[in-house]
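Atoms within a ligand are numbered from 1 in the order they appear, just like the ligands themselves. By convention here, the first residue in the shown sequence is residue 1. None of the values given here were measured: they were computed from a predicted structure.
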Amino acid sequence: MLDIQITKTTSPKAKPADESKLGFGKIFTDHMFVMDYAPDKGWHDARIVPYQPFPLDPACVIFHYAQEIFEGLKAYRTADNTIQLFRPDCNGQRMQDSADRMCIPKIPVEDFVQAVKTLVEVDKDWVPHSDGASLYIRPFVFATDVGMGVHASRNYTFCVICAPSGAYYAEGIDPVRIYVEDEYIRAAPGLTGFTKCGGNYAASIKAGEMAEQQGFAQVLWLDGVEKKYVEEVGSMNIMFKIDGKIYTAPCTGTVLPGVTRRSIIELLKDWGYEVCEEHVAIADIMKAGHDGKLEEVFGTGTAAVVSPVKELDWKGDKVFISGGKIGELTQKLYDTLTGIQWGKLPDTKGWIVPVCKG
Ligand SMILES: *Cc1c(COP(=O)(O)O)cnc(C)c1O
């Protein structure tokens, strides 16, 4: 158990009057959780303080060598005003896996969950009330040693901030166009594809910007060696329903193991679907599309839950999916997962962790 010192703000910010204009990750709550690491003390000085900037030396390791990891999860407000989390232990475990790869000292999963729960309770009035809106939670760890030598930092800061965010589908679920990236890559065996680290994103921004200029929502990444097999999209895992079966890339080091991905796989198996975690060639997916066997395609991630895909473009070849509409199974997955998260459906899986009454 962490002994968390709480210092509340004396000048609380005005809460957003119109929750429909929240957007994603643009405004932040009144407080943040902070904890430091030093070699002689371990993780220490757990505290909740007013949201504020960090004073950092310009020579900090984080600025130069990007030794940093993060997580992303949400707090939901139910109809009876319970504030709850969805599988926060999975995020805590994944942050340990990221930490291990990036030579960052691990935070015990219980301490990670306690930090998130305590901060959400302090800022519970910031958890939005409107349908589909939630409190996005961003835990992150960064290296704070001062100096230009390239080696693992000795000192770190763990911080958690929260952003009330609007419904992802404020205008209804809108299927997206996806550009299959055949030049740039996101990950390769031995690299950091399975970690949630800022560096993965920094390296992927250019492809995303270029695709956006051409009217695509995201890029679909192929494997980094042969550029032959599908891996994931921008910040989501991706699944393909072909001839009744669901295909998705295996989490063998180059793909981010999404909490949404694994939850959806469990639901699909419960419903009797065959789920194949396999390397699937993009050529086979395009062929299935042309043969009329590519029934549904959707991204999975915490922000959107599911994001239906209506078009894939690969080297000038295009396939169109589900007549531009959300597929039946995609819709059922969306309704089931959001139902559990917002407490409209019973939590038969033990995925929900209540925080407090709002
Ligand atoms: C966070 C993330 C995902 C989705 O993970 P969830 O736990 O489902 O939110 C997928 N791909 C990448 C690259 C990510 O960073």
Steps toward side-chain hydrogen bond (donor to acceptor under 3.5 Å, both in side chains) verdict (Trp43, Asp36): CA-CA 6 Å; Trp43 286 109; Asp36 299 309; over 6 Å; no

Contact with ligand 1 for Gly72, non-hydrogen, under 4.0 angstrom: no

Close N or O approach (Val259, ligand 1; < 3.5 Å): yes

Atoms in ligand 1 flagged as close to Thr302, the criterion being non-hydrogen separation under 4.0 Å: 6 (P), 7 (O), 8 (O), 9 (O)

Asp45/Arg47 salt bridge by N-O under 4.0 Å criterion: yes

Nitrogen or oxygen of Asn91 less than 3.5 angstrom from that of ligand 1: no

Arg94-ligand 1 polar pair, N/O distance under 3.5 Å: yes

For atom 8 (O) of ligand 1, closest protein heavy-atom neighbour: Thr260 OG1, 2.6 Å

Atom 5 (O) of ligand 1 [closest protein heavy-atom partner, distance rounded to 0.1 Å]: Gly258 CA, 3.3 Å

Closest contact, heavy atoms only, Gly234 versus Tyr201: O-OH, 4.3 Å

Heavy-atom gap Cys90 to ligand 1 smaller than 4.0 Å: no

Minimum-distance protein heavy atom relative to atom 3 (C) of ligand 1: Ser235 O, 3.3 Å

Atom 11 (N) of ligand 1 [closest protein heavy-atom partner, distance rounded to 0.1 Å]: Glu232 OE1, 2.6 Å

Phe142 and Phe140 aromatic ring geometry - parallel, tilted or perpendicular at 30°/60° bounds: parallel

CA sep, side-chain torsions, deciding dist, call: Phe63, Glu68, side-chain contact (heavy atoms from CB on, under 4.5 Å): CA-CA 10 Å; Phe63 293 136; Glu68 183 266 0; over 6 Å; no

